[in-house]
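The figures that follow rest on heavy atoms only: side chains count, while hydrogens, waters and symmetry mates do not. Since the model is a prediction, treat every value here as computed from it, not as a measurement.
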Amino acid sequence: MARLAQTAGLTDVQQEILSTVRDFVDKEIIPVATGLEHRDEYPQQIVDGLKELGLFGLMIPEEYGGLGESLLTYALCVEEIARGWMSVSGIINTHFIVAYMLKQHGTQEQKDHFLPRMAAGDVRGAFSMSEPGLGSDVSAITSKAVKDGDEYVLNGQKMWLTNGGTSSLVAVLVRSDEGHPEGTAPHRSMTTFLVEKEPGFGEVRPGLTIPGKIDKMGYKGVDTTELIMDGLRVPADRVLGGVTGRGFYQMMDGVEVGRVNVAARGCGVAQRAFELGVQYAQQRHTFGKPIAQHQAIQFKLAEMATKVEAAHAMMVNAARKKDSGERNDLEAGMAKYLASEYCKEVVEDAFRIHGGYGFSKEYEIERLYREAPMLLIGEGTAEIQKMIIGRRLLEEYRFQG
């Protein structure tokens, strides 16, 4: 077996795309990732290369200049990119979620206006739900939009925007009580706005400020920011889908495919950690032989490889379920939960195999050790995934007593 996490049943086109991405990762990302990450430097040259490969338009329909590929193809590409450097996969992911939401829920005018430029990578997307006082409790959103003639005035503060500075289009979820009487369920009074802005930091358009990058333990290089709206005016034709009150469902649809993406990232990071661990175990000698020949290390490698395979299989299943047009929140939740947890465990085992050298910044595993925890929280914590999984199981296995 040449490598773990192979996927059966791929077309020739899918295999060609994955081979191209894998070569790009090996040649253009892995050799420079650790240095860029330690400097917290945005990987502009890598992003330009991904743009040339057409990956910003991978799932955008061909009629808008994209490649029109499936979620499975996209997830497998993300797995490869995360294997090289997880931050790069984050740059792609938020862009993809906004493009997906536009494709699924946008008006024809919105699709015609944004999707061709997003497919080319000339417009980069970010999406925003979280706020300083809430994370997964989306129903508690306090940012608000008030109708004023042909515009809406948005006020509030958002948090944890990946691509917040480098993006030029942000899908923002806020509360909009217009047409929704008092007592309406919170999720029925939310609207997604498509907010165009200039890339950068500071006041990027009147009423909209991106204060700067948030300093993080890991997941560096990619910019994670706040977003402050103070009298931000947005035309009514920039309500996603043209109708208020549908934002919660639109965002959850985007997050559902985002969970498949996070699962793919976990698979990619875990696969790289295994590669580093199995390689180091054959180079490092103790007690007169490579540590890979010690039974304790062989057991550890066996567990790591099994976790990589299991997470990959669940991720592929969740992507294929979504591609089939079926509801996949159960499969996506399971895949995200398992892949992120297994990623953390595989990375830690690789870290342990490296011994004291794993604690050195000279070794790649040190970077992975700081990156893996982000997957435990992104697109919903393990506890949120368990709630989703549990509720869906009770729907499927309802006791008829």
For the [atom1] atom of [X] and the [atom2] atom of [Y], what is their distance to the nearest 0.5 Å?
X: L232; Y: N155; atom1: CG; atom2: CG; result: 8.5 Å
X: S70; Y: L58; atom1: OG; atom2: CG; result: 8.0 Å
X: C77; Y: L72; atom1: SG; atom2: CG; result: 9.5 Å
X: I60; Y: L102; atom1: CD1; atom2: CG; result: 8.5 Å
X: I81; Y: R22; atom1: CD1; atom2: CZ; result: 12.0 Å
X: T107; Y: D237; atom1: OG1; atom2: CG; result: 7.5 Å

Salt bridge or not between [X] and [Y]? Use side-chain N to carboxylate O under 4.0 Å.
X: K300; Y: E303; result: no
X: E331; Y: R320; result: no
X: R83; Y: E79; result: no
X: R272; Y: E275; result: yes
X: E256; Y: K322; result: yes
X: D329; Y: R327; result: yes

Would you say [X]'s side chain and [Y]'s backbone share a donor-acceptor pair under 3.5 angstrom?
X: R124; Y: G121; value: yes
X: T381; Y: I377; value: no
X: D223; Y: G164; value: yes

If we ignore angles and hydrogens, is there a donor and acceptor under 3.5 Å between the side chains of [X] and [Y]?
X: W160; Y: E226; answer: no
X: N163; Y: H95; answer: no
X: H312; Y: T7; answer: yes
X: Q14; Y: T73; answer: yes
X: T191; Y: S176; answer: yes
X: E131; Y: S143; answer: yes
X: S189; Y: R175; answer: yes
X: R367; Y: T34; answer: yes

Verdict with reasoning, Y74 to V260, per side-chain contact (heavy atoms from CB on, under 4.5 Å): CA-CA 10 Å; Y74 179 79; V260 175; over 6 Å; no

Parallel, tilted or perpendicular, as decided by the 30° and 60° cut-offs, for the rings of Y280 and Y363: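 Because their plane-to-plane angle is over 60°, the rings of Y363 and Y280 count as perpendicular.
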
With side chains defined as the heavy atoms from C-beta onward, is the minimum distance between [X] and [Y] less than 4.5 Å?
X: L161; Y: T224; answer: no
X: L240; Y: F193; answer: no
X: K111; Y: K103; answer: no
X: V172; Y: F127; answer: no
X: M129; Y: V255; answer: yes

Stacked cation flag K307 on Y342, 6.0 angstrom / 45 deg: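 Checked: cation-pi criterion met.
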
Face-on cation placement of R233 at Y152 ring, 6.0 Å and 45° thresholds: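 No, R233 does not sit over the ring of Y152.
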
Assess whether atom [atom1] of [X] is packed by more than 12 heavy atoms of other residues, nucleotides or ligands within 6.0 Å.
X: E326; atom1: CD; result: yes
X: E198; atom1: CD; result: no
X: R391; atom1: CZ; result: no
X: E362; atom1: CD; result: no
X: R398; atom1: CZ; result: no
X: K216; atom1: NZ; result: yes
X: K51; atom1: NZ; result: yes
X: Q45; atom1: CD; result: no

Verdict with reasoning, R284 to I353, per side-chain contact (heavy atoms from CB on, under 4.5 Å): CA-CA 9 Å; R284 175 71 168 172; I353 287 171; over 6 Å; no

Derivation and outcome, side-chain contact (heavy atoms from CB on, under 4.5 Å), residues K220 and L36: CA-CA 8 Å; K220 294 178 180 288; L36 289 169; over 6 Å; no

Salt bridge (Lys or Arg N to Asp or Glu O under 4.0 Å) assessment of R205 paired with E196: CA-CA 9 Å; R205 65 175 280 181; E196 297 172 85; over 6 Å; no

